[in-house]
Amino acid sequence: MSQTSTHYRTCPLCEATCGLEISVEKGRVTKTRGDKQDVFSAGFICPKGTTLGALHEDPDRLRQPHVRKNGTHVAVSWQEAFVHIEQGLARVREADGDDALAIYLGNPNVHNLAGAFYVGPLIRALRTRSVYSASTVDQMPRHVSCGHMYGSGGTIPVPDLDRTDYLLMLGANPYESNGSLATAPDWPGRMSRIQERGGKIVVVDPRRTRTAKAADEHLTILPGTDAHLLLSIANVIVEEDLSDAGAAALHIEGFELALAAVKAFTPELAAARTGIPAQDIVRIAREFAAAPSAAAYGRMGAHTTRFGTLASWAADLITILTGNLDRAGGIMFPLAAHARPRRTGPGKGFKVGRWSSRVRELPEVQGEFPVSTLAEEIEIEGPGRIRALFTVGGNPAISIPNGGGRLDEALAGLDFMVSVDPYLNETTRHADVVLPPPSALERSHFDVSFTGIAIRNVANYSAAVFPAAGPSEADILAKLSLIASGQGADAKTEDMHQLLLRGLVQSEVGKAHSRIAGRDVDEILAGCAGRPPEEQFLDVLIRTGSYGDGFGADPRGLSLAKLEASPHGIDLGAIEPGLPGVLSTPSGKVELLPEAIAADLGRLEADLEASPEDGLQLIGRRTVRSCNSWMHNVEVLVRGRDRCTLHVHPDDAARLGVRDGAPVRVASRVGALEVPAEVTDEIRPGVVSLPHGYGHGLPGARADVAARQPGVNSNLLTDSEPMDPLSGNAVLNGIPVEVTAAG
Ligand SMILES: Nc1nc2c(c(=O)[nH]1)N[C@H]1C(S)=C(S)[C@@H](COP(=O)(O)OP(=O)(O)OC[C@H]3O[C@@H](n4cnc5c(=O)[nH]c(N)nc54)[C@H](O)[C@@H]3O)O[C@H]1N2
Ligand SMILES: Nc1nc2c(c(=O)[nH]1)N[C@H]1C(S)=C(S)[C@@H](COP(=O)(O)OP(=O)(O)OC[C@H]3O[C@@H](n4cnc5c(=O)[nH]c(N)nc54)[C@H](O)[C@@H]3O)O[C@H]1N2
Ligand code: SF4
Ligand SMILES: [Mo]
């Protein structure tokens, strides 16, 4: 057997889903390049893409379960770890009941198959409503606005990057982040092709980012005011009679009401709030309406503010008012390989608030509570107080408001904590038991989440590069589910897998419209046997999905085996119009002015009168060599200058007596920290920026490289009180701070 081999696989680290070509020699990765033949990424990668080998070999990555004994984590057998969990869980349940259990799900869950299929069963087995995730420090506003407009939180239109003539981007920096809620490898290339086609890109950001530099126009907005900008653009479109929903009009409810709702939001008032001159707002509105096709696209900067859901809605609003919904070059609904075939007719619609949080009585959204409330739910006494926490692939001690201080203390005070994570990080250092999943190279991959929001319909399966040294993440989560449902540490995970799979197939054959309606369950199960369980799930979804082979019904259709035989992926074509089949609102139409949105507009209108902040406002940023909090342990990515600095505009620096490179003290309502200043005119005066994901080197954490350049935790400054009320999303941008020279 040859000792060198080449493997093609999709990078699971961010939303861009780049294809990698990985060379392996004697069991070690020797080279990683972009896969030029990948049907979607065509060779594009970023610096992180080459580090899967380094992550796999990182000596700090846990290979064995760890249990905390006398304050330190020691390696134990899997059996010992599971018995420990069984006992710990029993203790908490006996003392405080099911309501004392909670779960936090971090970002990597949407980047692997186990997360897609095994997190739900674990939540059900825990019998708890205390579910938290990184979604409420991220994209929850988008789920909520789309849920109200299109009927489901998962029905998210994406900008048609490859065909649009006009892209208005708010609070997104894909040159560093590689994009979000619009999966597209090589944003830079796709953006320049918009310009080569004669199109225009406008970037709205308080910072002159690399993305802003590449754009045709950059508007330096004041933080937290994107909803104002977008509504004033809508106002111009309406006042100047430029609105025309085009072919989508047939499927839109509330058009006239929406036109009336934007009356108050004039460009003059918006100018005062956003810092963008009224004549620019008017011009952008006219350009947007006149463009042959146009798309408004907002992300982190637009969503993680007090008006996040309104901003998300308003971006779709202006796109719809100008006839750009569901057509080439506008915003469109992808159709992934595993997506259910579309059906028309009214749906159940989108509901929030089916239950409420204990302390602040905030509504459940998508089955979750705002993660900003996690600390108080642990701290405050009374029935239902959280006493045991499961975390799966997350680091809330760094990623959520008040993470470093208050949540850190709360975690230390829990009665029991279990983490599924490959690292002892700032959060998992508090866990009684840490269960490490295999590395990314030790598992197969398919992007269930991101093919659903990709700007082109593609399907790409990758096989594992190395055999897994321990149980798969699906096995770990299945075992936790068995333990949580009272079946003990010795229960067989295979039984759980079979139960879940059978359930999926049974429900599918029972659906009148399914491609396998009425078929024999055992026959179908036999048809996808012989693979890891998470792949069998995927196979069932793909084969019963929109392009599927229906287990023999359509031999030309897709199956996992077909994908496996196409290591560079299968291109399923450009996105096609999907109305009305994508909709699941009770009306069966797009709700242009949903009730919840209409009710919240008053809050924005009241904010028109607010005077702009006179002090400094803090915003975040990402750099291409980071991945939230967990990749600062990769030497090649952190080499060189310190990237955890406070960006300060020269005018502010002069006024505050702050020198480039010198330490400054930054204080907010809730906390303070010291960090080196970086004086740069790439940020708007009055605004300062600090990246998140730092604050390493804490006792009990194990990440040697990261600890050498620990940086500071920016979420010591963010406040867990203010929120976007419709989504429960945290406010991570536009935080009032004071900056003073330190030292
Ligand atoms: N390199 C790298 N890539 C990543 C990640 C990472 O940590 N590092 N994380 C991944 C994840 S989980 C996500 S969700 C995505 C996020 O992807 P993006 O949404 O592109 O996120 P950011 O790069 O943070 O860009 C947000 C931009 O908003 C600007 N901004 C701040 N406040 C405001 C405001 O009020 N209004 C406007 N208009 N702009 C504002 C900031 O200056 C910043 O440039 O990135 C993913 N990709
Ligand atoms: N101030 C501020 N705060 C922010 C943001 C911001 O822009 N500004 N961004 C927010 C955003 S968009 C996000 S998504 C969150 C991220 O918040 P989190 O998801 O809480 O944090 P991460 O740093 O992504 O931590 C991921 C963890 O998963 C582990 N991990 C990696 N791969 C796997 C795997 O395959 N399986 C399992 N089980 N674990 C794995 C890593 O070791 C790491 O510990 O942070 C948010 N916080
Ligand atoms: S852009 Fe994202 S998916 Fe592509 S190589 Fe970098 S981290 Fe991986
Ligand atoms: Mo995120």
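Numbers for residues simply follow the sequence, beginning at 1. Each ligand, and each atom within it, is numbered from 1 in the order the structure gives. FYI, side chains are in, hydrogens and waters are out, and symmetry mates aren't considered; it's all heavy atoms of this structure.
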Are any of the heavy atoms in K48 under 4.0 Å away from ligand 1? yes

What atoms of ligand 3 come closer than 4.0 angstrom to any heavy atom of L13? 7 (S)

Using a 4.0 Å heavy-atom cut-off, which part of T10 comes near ligand 3: side chain, backbone, both, or neither? neither

Ring centroid separation for H56 and F466, is it under 6.0 angstrom? yes

Between the candidates L13, L219, N733, T209, which shows the shortest non-hydrogen contact distance to atom 32 (N) of ligand 1? N733

Close-contact set for ligand 3 against K48 heavy atoms, below 4.0 Å: 7 (S)

Ligand 1 versus T623, non-hydrogen atoms closer than 4.0 Å: side chain, backbone, both, neither? backbone

With side chains defined as the heavy atoms from C-beta onward, is the minimum distance between D600 and L604 less than 4.5 Å? no

Consider ligand 1: state whether an atom of it lies below 4.0 angstrom from any non-hydrogen atom of C627. yes

Measuring to atom 2 (Fe) of ligand 3, does C18 have an N/O/S atom at a distance below 2.8 Å? no

Starting from atom 26 (C) of ligand 1, which protein heavy atom do you reach first, and at what distance in Å? G171 O, 3.3 Å

Tell me which protein heavy atom sits closest to atom 8 (Fe) of ligand 3, plus the residue, atom name and distance to 0.1 Å. C11 SG, 2.3 Å

At a non-hydrogen distance cut-off of under 4.0 Å, which region of V624 contacts ligand 1 (side chain, backbone, both, or neither)? backbone

